[in-house]
Enquirer: 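The following block contains the structure, expressed as structure tokens.
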Number of protein chains: 2
Amino acid sequence: MRKRKGAGRPTISDVAERAGVSTITVSRALRDPSKVSDHLRRKINDAVRKLNYVPHSHASALASTRSNVIGVIVPSLTNNVFADTLRAIYDELYQGPFQVQLGNSRYVAKDEERLVRTFLGQGPSAMIVAGVDQTDATRELLENAECPVVQVMDISDDPIDMMVGFSHFEGGRAAGVHLVQKGYKRIGFLGARMDPRSHRRMEGFKEALRSGGRYDPDLMMTTTDSSSVSLGGHLIEQLRKCRPDLDAVFCNNDDMALGALFGCQKAGISVPDEMGIIGFNDLEMMAASYPSLTSIRTDRYQIGKRAVQMIKAVLDGETPEQKIIDLGFELQCRESTMRPKSKAR
Amino acid sequence: MRKRKGAGRPTISDVAERAGVSTITVSRALRDPSKVSDHLRRKINDAVRKLNYVPHSHASALASTRSNVIGVIVPSLTNNVFADTLRAIYDELYQGPFQVQLGNSRYVAKDEERLVRTFLGQGPSAMIVAGVDQTDATRELLENAECPVVQVMDISDDPIDMMVGFSHFEGGRAAGVHLVQKGYKRIGFLGARMDPRSHRRMEGFKEALRSGGRYDPDLMMTTTDSSSVSLGGHLIEQLRKCRPDLDAVFCNNDDMALGALFGCQKAGISVPDEMGIIGFNDLEMMAASYPSLTSIRTDRYQIGKRAVQMIKAVLDGETPEQKIIDLGFELQCRESTMRPKSKAR
DNA sequence: TAACATTATGTTAGCGCTAACATTATAACA
DNA sequence: TGTTATAATGTTAGCGCTAACATAATGTTA
């Protein structure tokens, strides 16, 4: 006799038998209780509890051609910026039928493409991807995907489907304007792991310096190394070696800014008097450091939350009033750019 | 006529038809190419590429009663400690058939239980859970799970199945021994979010102080607030208010240690002369700060890597030579505990 | 060359669930 | 009261894949 054994755990028919109903009634009772009479629903729930029944999600996905999986692709698992957004996504999805399928592209476009392909292969309910700089192939895959797609962290005027983020260019520009206004003269840029978002921040920053008459290409220092606190220290040391008259830096992100602060302290350079420092993202530590560090605050948690809310709305059949949500940013001005003799105009 | 439409994408029979073989041959060619002749394998691969075929993982999981999903449950998505371990898990699983199912228990035992229940409902290939302090119900679920289970980050002598981690008690003790050896006299503890692992670190620390004759219960300061840099600053300020003679602290983790450093700098207290500071985990920033911060280095990445390797081995039918892997830790002695007039014995 | 082992491929049924239609019980109405 | 709408439940087939067995093709040995 040809028999397969299954996983051994109770199935929907075990529940049905025990409750004295058909399997489809159990199925309905679990997915949409309103479709089943109180009487049977109670019996079914009893049976479920007795048997410790858990629906088999793969079977359900196969039969319904809906997976209740939301694919999320981020470029880093260790970067706090994405961690906050991820946390929001998980929080927002905690109650409810959806499960997260998380992928780490490690800032490699080809890896992202591979992940998108794999995830789409599972017929996800929705996709969330970081950034707006997908390869053409990835874009095409996502455009043809039959599910809502949200690009997060960044915005552009050409969404695949929906977007939640803020303008990195404007964020960079705000940093530049701030340093110019504070009266700093020889203003540099420290950039690690120059991904597309960092590039746009740098471009915005440059533009601000240009309009302020403070742009000096020699002071723009970038590397493809991944960002870290120690790297911030090394880069500012290096930059100061070539250009000892440097008097302010905008750092790619907060780790670098903290590193730059330590680098200055090590070299006996006073912050903010001899060196202004501004970071990006405003991680929690920025307010707690001594001196406290100026940064551009971004609301990563809110980004994740709104992305999920948009997805839920679309899956519920609603049409979102806006496809692009710009959450903006906010300059947090702290001690690290508070020159006593500020030349604010 | 009764017809269902499916998801519209190519199925294994489309590939089979195009390649002129049966579906099972396609299935074999994809899962275990060695079982199919070169000739057919080539034709099948061509067809796969032409049709852009991606196997339907749910169908596969259902038919084979194996899901290729590895469930991972961590208490925090934003804590760097788990992020490193997670990254290792993803890296190690990147090539190969396995997919990660990630859950965030947010340090709530009941949430962990819920997640374990849900994950087991999908028939995972393996489970990785953080810590050794599961509820009885969670333990029972995992013990009865028909898959390998690895508890990570911590170790005990009573594993559910397998373990990779290190002794937090010993880590705490090492910190205590170090401060005593360095000649500090009034040694405190700053602990945020006192989860079970932090508790064990504190207990080890206390024991070291007791044997060194330096234990003072009034100097042990804990809170259930989640740890942060600013909290480290607040706590040390508070502790010093009550006990101005405090001359060293062991911090729960590195964020707190960094905060304590900033707190001291703000108050004009010199580190390490007037205050020794030691953290836990040795995040990257600890070496880069000024003064650099002493910490207990733990290899979170390795923990994740080894956990996955153990799982792979077991799934390949091997029997691991050891069920408990103690990866240990390493004291990184830096400036923050380098008293000039050290009274090392 | 017969007898048997080995390898490559195929046939069939079923994994656990739900879509689509079918049927029956119940309410609503003229 | 019979007709029809509505709600509650059931029957059947099939989602896309692979386990288990069956068969055909090839190799190996005495």
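In what follows, every heavy atom counts, from backbone to side chain, and hydrogens, waters and symmetry copies are set aside. Labels below follow one simple rule: chain letters A, B, ... track the order of the sequence lines, proteins then strands, and each chain is numbered from 1. Remember, it's a predicted structure, so these values are computed and weren't measured experimentally.
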Enquirer: Among dT18(D), dA19(C), dC17(C), find the nucleotide with the atom closest to the side chain of S60(B).
Expert: dT18(D)
Enquirer: Rounded to whole angstroms, how far apart are CG on L40(A) and P on dA7(D)?
Expert: 17 Å
Enquirer: Side chains of T138(A) and E112(A): is there a donor and an acceptor less than 3.5 Å apart?
Expert: no
Enquirer: In whole angstrom, give the distance that lies between atom NE2 of H56(B) and atom C1' of dC15(D).
Expert: 8 Å
Enquirer: Between S27(A) and R31(A), do the side chains contain a donor N or O and an acceptor N or O under 3.5 Å apart?
Expert: yes
Enquirer: Checking side-chain polar atoms at under 3.5 Å, does S34(B) have a donor or acceptor matched by the opposite partner on D32(B)?
Expert: yes
Enquirer: How long is the line joining CD of E17(B) and P of dC17(D), in whole Å?
Expert: 14 Å
Enquirer: Establish, from distance only, whether the side-chain atoms of S57(A) and S60(A) form a donor-acceptor pair under 3.5 Å.
Expert: no
Enquirer: Roughly how many Å is it from OH in Y53(A) to P in dG16(C), rounded to a whole number?
Expert: 10 Å
Enquirer: Strictly below 4.0 Å, heavy-atom distances to any atom of DNA chain C: list the hits from residues 21-39 of chain B, or just say none.
Expert: V21(B), S22(B), I24(B), T25(B), R28(B), V36(B), S37(B)
Enquirer: Evaluate the criterion salt bridge (Lys or Arg N to Asp or Glu O under 4.0 Å) for residue pair R87(B) and D84(B); output intermediate values, then yes/no.
Expert: CA-CA 5 Å; R87(B) 185 164 55 90; D84(B) 283 333; 3.6 Å; yes
Enquirer: Output the distance between atom CD1 (I325(A)) and atom CD (Q302(A)), rounded to the nearest 0.5 Å.
Expert: 9.0 Å
Enquirer: Please determine whether a side-chain nitrogen or oxygen atom of R66(A) lies at a distance below 4.0 Å from atom OP1 or OP2 of dA19(C).
Expert: yes
Enquirer: Rounded off to whole Å, could you give me the CD1-to-C1' distance for the I12(B) and dG14(D) pair?
Expert: 17 Å
Enquirer: Given D91(B) and R106(A), is the salt bridge (Lys or Arg N to Asp or Glu O under 4.0 Å) satisfied, shown in steps?
Expert: CA-CA 10 Å; D91(B) 283 356; R106(A) 317 187 226 180; 3.7 Å; yes
Enquirer: Provide, to the nearest angstrom, the distance between the CG atom belonging to L62(B) and the C1' atom belonging to dA13(C).
Expert: 13 Å
Enquirer: Just to be sure I follow the notation: if a pair is Watson-Crick (purine N1 to pyrimidine N3 plus N6-O4 or O6-N4) or a G-U wobble (N1-O2 and O6-N3), each under 3.5 Å, what dot-bracket string does DNA chain D give, with | for pairs to another strand?
Expert: ||||||||||||||||||||||||||||||
Enquirer: Does the side chain of Q134(B) come under 3.5 Å of the side chain of E113(B) through a donor N or O and an acceptor N or O?
Expert: no
Enquirer: Could you verify whether a donor N or O on one side chain and an acceptor N or O on the other, from Q101(A) and Q101(B), lie under 3.5 Å apart?
Expert: no
